**Student:** 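Quick one: the structure is below, and I'll ask about it shortly.
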2 protein chains.
Amino acid sequence: MGTREDIIAAAARIMRDEGYARATTKEIARAAGYSEAALYKHFRDKTEIFVSVLTERLPGLVPLLGDLQGRAGERAVRDNLVDVARTAIAFYAESFPLSASVFSSRQLLAAHRERLRELAPGSGPDRPLTALAAYLRAERDGGRVPAEVDPGAAAALLLGACFQQAFLVAFTGDRPDGDTLHDLAADLVGALVACW
Amino acid sequence: MGTREDIIAAAARIMRDEGYARATTKEIARAAGYSEAALYKHFRDKTEIFVSVLTERLPGLVPLLGDLQGRAGERAVRDNLVDVARTAIAFYAESFPLSASVFSSRQLLAAHRERLRELAPGSGPDRPLTALAAYLRAERDGGRVPAEVDPGAAAALLLGACFQQAFLVAFTGDRPDGDTLHDLAADLVGALVACW
DNA sequence: GTCTATAGGGTGATAGAC
DNA sequence: GTCTATCACCCTATAGAC
């Protein structure tokens with residue numbers, strides 16, 4: 001692991017555990033085992049460190065969704081959706097505190113938005129939504145989902161619910177155990193596909 | 001408007017427009033037209049100002065939901081839900097940047113959570129969810145919603161989707177016009193109640 | 001209740017040696 | 001590439017006069 005990666009890893013850990021406000025260059029440098037000056041040899045400024053954490057360290061929800069689309073038709077749609085919901089809640093719960101920090105300053109928000117578009121076009125926060133909608137469309141074309149279903153709206157309902165549940169988890173601070181998580185995911189999917 | 005209200009109003013404006021990081025005591029005092037010292041005559045510390053903004057200035061989504069429950073049966077459930085969705089998206093879009101700021105520091109998050117429970121018990125971020133679920137239960141008891149519907153899950157789907165859409169709006173920075181908002185709300189509700 | 005002034009501590013970022 | 005040392009600034013909170 002190179003210096004740059006050390007720094008990003010340290011920054012990610014501090015931001016997650018202590019909050020963005022505590023993630024000063026001094027703290028990051030100390031945790032990474034380098035001097036503050038070293039930070040500035042690898043990153044233009046502090047914002048660049050933060051944006052790098054966000055774009056390079058977040059675990060992917062998108063990969064799961066991508067796989068899913070290619071395998072449309074292999075398993076029951078309902079089971080696939082429960083998997084998606086479970087993964088999404090866990091993913092959002094982990095990434096929420098970090099993503100939310102972006103809103104602590106307009107400048108930071110703008111920088112992040114800009115950076116995201118420049119180095120990973122089309123991988124913004126709406127990416128999971130479009131990926132899930134594409135999967136549902138594929139299943140619908142395969143006749144395994146009723147023709148009347150609106151893939152975009154259905155994806156928005158399911159992932160939106162996961163997003164908010166994750167917010168609640170992050171806010172209250174207690175993470176649900178595996179069973180609770182599964183039940184929650186199953187209930188949401190159940191309500192969504194009630195009459196499919 | 002008293003001094004205290006002036007301060008809260010100024011703080012709210014700065015936090016919304018500039019982000020929490022920019023909302024320093026100096027800025028707030030300047031914008032409110034008072035000295036920094038005056039802030040500390042009305043609030044114990046800066047956290048108390050922030051929490052006051054959050055609990056006293058956010059427009060109410062809950063009132064609408066409360067009214068709704070009392071009037072179950074008067075209008076088509078679907079129309080009521082579209083109203084709820086529209087209001088919820090607007091509400092969440094406005095409050096998201098502020099609420100998100102809570103995550104900038106663990107200490108702030110803890111303080112806010114604590115304060116919320118102490119001065120408005122049961123009005124946490126899950127309040128709209130329980131209120132909407134109660135409304136749906138009332139309609140279900142009245143036979144206007146199928147017996148198989150899970151009110152809690154349905155509420156989580158609809159409000160969750162609104163929450164995430166609001167996040168996307170806040171993230172990209174462009175707010176949708178009234179028509180777009182209405183269409184979005186109608187699509188979400190349509191997908192939810194497709195077979196009710 | 002409000003002010004001015006300041007304490008006391010942190011901050012991001014840079015210079016220059018190795 | 002990394003270090004030590006430091007700058008210039010900004011932050012929250014308080015003291016004391018009016």
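Residue numbering restarts at 1 for every chain, and letters A, B, ... go by the order of the sequence lines. Bear in mind that the values here come from a model prediction, so they are computed numbers and not experimental data. Values below: all heavy atoms of this structure, side chains included; hydrogens, waters and symmetry mates excluded.
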**Student:** Determine: side-chain N/O of A:Thr3 to OP1/OP2 of D:dT2, distance under 4.0 Å, yes or no.
**Tutor:** yes
**Student:** Using atom CD1 of B:Ile28 as one end and atom P of D:dC10 as the other, report the distance to the nearest whole Å.
**Tutor:** 17 Å
**Student:** Which comes earlier along DNA chain C counting from the 5' end, the contact point of A:Arg22 or that of A:Ala37, where each point is its nearest nucleotide?
**Tutor:** A:Arg22
**Student:** Are A:Glu56 and A:Arg4 close enough, and set up right, to give a salt bridge (Lys or Arg N to Asp or Glu O under 4.0 Å), and what steps lead you there?
**Tutor:** CA-CA 12 Å; A:Glu56 298 174 29; A:Arg4 186 193 149 88; 2.8 Å; yes
**Student:** Can you tell me how far P of C:dG12 sits from CZ of A:Arg44, to the nearest Å?
**Tutor:** 16 Å
**Student:** Which one, C:dG12, D:dA13, C:dT2, comes nearest to the side chain of A:Glu36?
**Tutor:** C:dG12
**Student:** Ignoring backbone atoms, test whether B:Tyr40 places a side-chain nitrogen or oxygen under 4.0 Å from the OP1 or OP2 oxygen of D:dT14.
**Tutor:** no
**Student:** To the side chain of A:His42, which of D:dG1, D:dA15, D:dC3 is closest?
**Tutor:** D:dG1
**Student:** Checking salt bridge (Lys or Arg N to Asp or Glu O under 4.0 Å) for the pair B:Arg106/A:Glu18: CA distance, chi angles, key distance, verdict?
**Tutor:** CA-CA 6 Å; B:Arg106 262 215 138 48; A:Glu18 322 263 0; over 6 Å; no
**Student:** Check the phosphate of D:dC11 against B:Thr24, side-chain N and O only, distance under 4.0 Å to OP1 or OP2. Yes or no?
**Tutor:** yes
**Student:** Is the phosphate of C:dT2 approached by B:Ser35 (side-chain N or O, under 4.0 Å from OP1 or OP2)?
**Tutor:** no
**Student:** Going through the distances and angles, do B:Phe96 and B:Phe163 end up as a side chain to side chain contact (heavy atoms under 4.5 Å, CB included)?
**Tutor:** CA-CA 9 Å; B:Phe96 201 93; B:Phe163 184 72; 3.7 Å; yes
**Student:** Does a side-chain N-to-carboxylate-O contact under 4.0 Å join A:Arg22 and A:Asp17?
**Tutor:** no
**Student:** How many Å lie between NZ on A:Lys46 and C1' on C:dT14, as a whole number?
**Tutor:** 17 Å
**Student:** Picking from D:dT2, C:dG12, C:dC3, which would you name as closest to the side chain of B:Ala38?
**Tutor:** C:dC3
**Student:** Please report, rounded to the nearest Å, how far the P atom of C:dC3 is from the NZ atom of B:Lys26.
**Tutor:** 15 Å
**Student:** Verify the contact: side-chain N or O of A:Lys41 to OP1 or OP2 of D:dG1, cut-off strictly under 4.0 Å; return yes or no.
**Tutor:** no
